[in-house]
Amino acid sequence: MLIVVVVVGLLYALPNLYGEDPAVQVTGARGSAASEQTLVQIQNALQQDNIQSKSIALENGAIMARFANTDVQLRAREAIIKVLGENYVVALNLAPATPKWLSMLAAEPMKLGLDLRGGVHFLMEVDMDTALGKLQEQNTDGLRSDLRDKGIPYTNVRKIDNYGVEIRFRDAAARDDAVSYLTTRHRELVIDSSGSNALRAVMSDERLREAREYAVQQNINILRNRVNQLGVAEPLVQRQGSDRIVVELPGIQDTARAKEILGATATLEFRLVNTSVDATAAASGRVPGDSEVKSTRDGQPVVLYKRIILTGDHITDSTSSMDEYNQPQVNISLDSAGGNTMSNFTRDNIGKPMASLFVEYKDSGKKEANGRAILEKQEEVINIANIQSRLGNSFRITGIDNPNEARQLSLLLRAGALIAPIQIVEERTIGPTMGQQNIDQGLAACLWGLVASIVFMVVYYRKFGVIATTALVANLVLIVGIMSLLPGATLTMPGIAGIVLTLAVAVDANVLINERIKEELKNGRSVQQAIHEGYKGAFSSIVDANVTTLITAIILYAVGTGSIKGFAITTAIGVMTSMFTAIVGTRAIVNLLYGGKRINKLSI
């Protein structure tokens, strides 16, 4: 069992010896996608500039080109950008150089944090005003719709402070009817009378708190999905404070391109087209209060009702394909709530045109007084179609120019629509040189700690010290192997500190066992009895000491964040492997050397 465990640990620790190749990763931006044709373009561009690559491959919609060193990597990136232009995201990356035979066994190197691998760190703030403004818009539409359904006449609806709504009526009687009716239907709103003939509806504190919480959590999930979909390896996306999100992209060195990856905040809005306004009035902007003018990609004005039928929040899946006329289309699937909304709306509006409005938030290049980037909302009508029948949970969008755009749009929609725009309030780039320096220092600390422990054990305990040293080396191999196997574990600088600490502490168990054996020999026990009693007597002390350390590591992992978690993971793994190697490993070697033999003296 011991041999099998050590061999498996060594096998999965091996990939860490091969390091990483400097690489350039190419993925498609909106309107394009990496393909075999893109691959040929990149190969030709590198040949023209006499840039040698280790390999170039197209995998999962992204092209990864590997190079011998960072100088060649930077030259290659410039050459690729020159050929591909702005239609692709060209990012610097680091790709594992693991041999194929190890990759076939699912053996991969440990995932390294930003402080070891380099990369980019963003601190993002969720725009709560926009999130709550959307909710205010939904409340306004809901109240207006309920009053129409009940037949209660009103004269004016307007938004007020604190994300509330004010509705005016012709008289107090209609207002009172509305208050009593709406109060029962909107439990999350505080509805009361205002003045002689108006009512005010504001969200309760509990509802506001829930909305803020939902906006942050949903954005975290969607950002995580989006980064995964766009091919960035091992991202870290986690909450910080009430309305901020930390995003770390290890291996990415290009901050501008990383922003592009995160900035693809696309969603769809489905709205009814107002056909009562003629083209001349639309072009000049003369439209009713319940409508607004949007443009198609050709610049043609389209008048849409302000009321949003459905947003991309309800999209559960989207795929691209070709329709019966061999034109690109995007197939949309909705959740149950979205399906019901779409079904009810289309049932009542058969024959009317409905538009698909593509909405994207991009950095405008301008900044506020406090230095934050101002996000610009870009909207484009990508499709107008008559509602021919009642739609359900699944339908399709046509009128898209090319298959690449359909594929990219489906990817963005599948990854989700941000509930509210996000702004980058802090960004840091950690270079791979600094990361390599940290790795070298960490390895040096591990090595010297290991050497000091080995020298002490061999000098003080002789042959039993050599046995303990063997267990110590096996312990290090197992820690690295398990860290490489765990899908969610990331090694950071504090994690290396945890490994150094557990290597030092691992000697304690062997010291306890060896001292107990020496004590039994002094008490007149035979050699075999002394070995047996030594392991038996030290077992409970070793377990007690390590279990308390393990509990502390679990608590650190549960309540800590970032680097503290990294320290807790390596400490917990080190404690468990040191117990195994000290108790099972050394006992197996001792039994192999002394078991069943008549021994008069121990080298201890």
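Values below: all heavy atoms of this structure, side chains included; hydrogens, waters and symmetry mates excluded.
Remark: S484 pairs with N16 by the side-chain hydrogen bond (donor to acceptor under 3.5 Å, both in side chains) rule, at least two apart or across chains. Considering only residues two or more places apart in sequence or on other chains, T570 meets the side-chain hydrogen bond (donor to acceptor under 3.5 Å, both in side chains) condition with none of them. The side-chain contact (heavy atoms from CB on, under 4.5 Å) search around S333 returns T316, D317, S394, not counting sequence neighbours. In this structure, Q41 has no side-chain hydrogen bond (donor to acceptor under 3.5 Å, both in side chains) partners at least two apart in sequence or on a different chain. By the salt bridge (charged side-chain N to carboxylate O under 4.0 Å, His left out) test, E379 pairs with K294, K377, sequence neighbours left out. Under the ring-ring contact (aromatic ring centres under 6.0 Å, His included) criterion, F270 pairs with F395, not counting sequence neighbours. For L11, the side-chain contact (heavy atoms from CB on, under 4.5 Å) partners are W101, L102, L105, not counting sequence neighbours. Remark: Q48 engages no residue in a side-chain contact (heavy atoms from CB on, under 4.5 Å) (not counting sequence neighbours). Looking at residues two or more places apart in sequence or on another chain, you find a salt bridge (charged side-chain N to carboxylate O under 4.0 Å, His left out) between R271 and E269, E292. The side-chain hydrogen bond (donor to acceptor under 3.5 Å, both in side chains) check on R75 picks up nothing, with sequence neighbours excluded. Not counting sequence neighbours, D243 has no partner by the salt bridge (charged side-chain N to carboxylate O under 4.0 Å, His left out) test.
Judged purely by atom type and a 3.5 angstrom limit, D127 uses its side chain to pair as donor or acceptor with the backbone of D129.
In this model, no donor atom of one side chain and acceptor atom of the other lie less than 3.5 Å apart for Q73 and D71. Looking at S295 and E380, their side chains never bring a donor and an acceptor atom within 3.5 Å of each other. T577 and N475 form a side-chain donor-acceptor contact under 3.5 Å, judged by distance and modelled atom types alone.
Between I308 and T311, the closest side-chain pair of non-hydrogen atoms falls below 4.5 Å. Using a 4.5 Å heavy-atom threshold, the side chains of V26 and L39 count as separate.
Across every non-hydrogen atom of V126 and I245, the tightest pair is CG2-CD1, 3.9 Å. Taking all atoms of both residues into account, the shortest heavy-atom contact from P301 to V293 is CB-CG1, 3.8 Å.
Remark: L491 CG to I479 CD1 distance equals 10.5 Å, nearest 0.5 Å. Atom CG in L447 sits 10.0 Å away from atom CG in L476 (nearest 0.5 Å). Rounding to the nearest 0.5 angstrom, the gap separating the OG1 atom in T98 from the CG atom in D21 is 9.5 Å. Interatomic distance, I56 CD1 to I63 CD1, rounded to the nearest 0.5 Å: 8.5 Å. Interatomic distance, CD1 of I3 versus CG of L10, reported as 13.0 Å (0.5 Å rounding). Atom-to-atom distance recorded for S242:OG and E125:CD is 8.0 Å, nearest 0.5 angstrom.
For residues 321-334, the salt bridge (Lys or Arg N to Asp or Glu O under 4.0 Å) pairs, not counting sequence neighbours, are E324-R396.
Within 6.0 Å of the CG atom in L17, the count of heavy atoms belonging to other residues, nucleotides or ligands exceeds 12.
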| said: The test is side-chain hydrogen bond (donor to acceptor under 3.5 Å, both in side chains); show your working for S320 and N331 and say whether it passes. | reply: CA-CA 6 Å; S320 61; N331 308 300; over 6 Å; no
| request: Could you go through the side-chain contact (heavy atoms from CB on, under 4.5 Å) check for M342 and M354 one step at a time? | output: CA-CA 11 Å; M342 183 62 79; M354 183 173 70; 4.2 Å; yes
| request: Test R239 against E213 for salt bridge (Lys or Arg N to Asp or Glu O under 4.0 Å), laying out the working first. | output: CA-CA 11 Å; R239 182 172 184 166; E213 186 74 17; 2.8 Å; yes
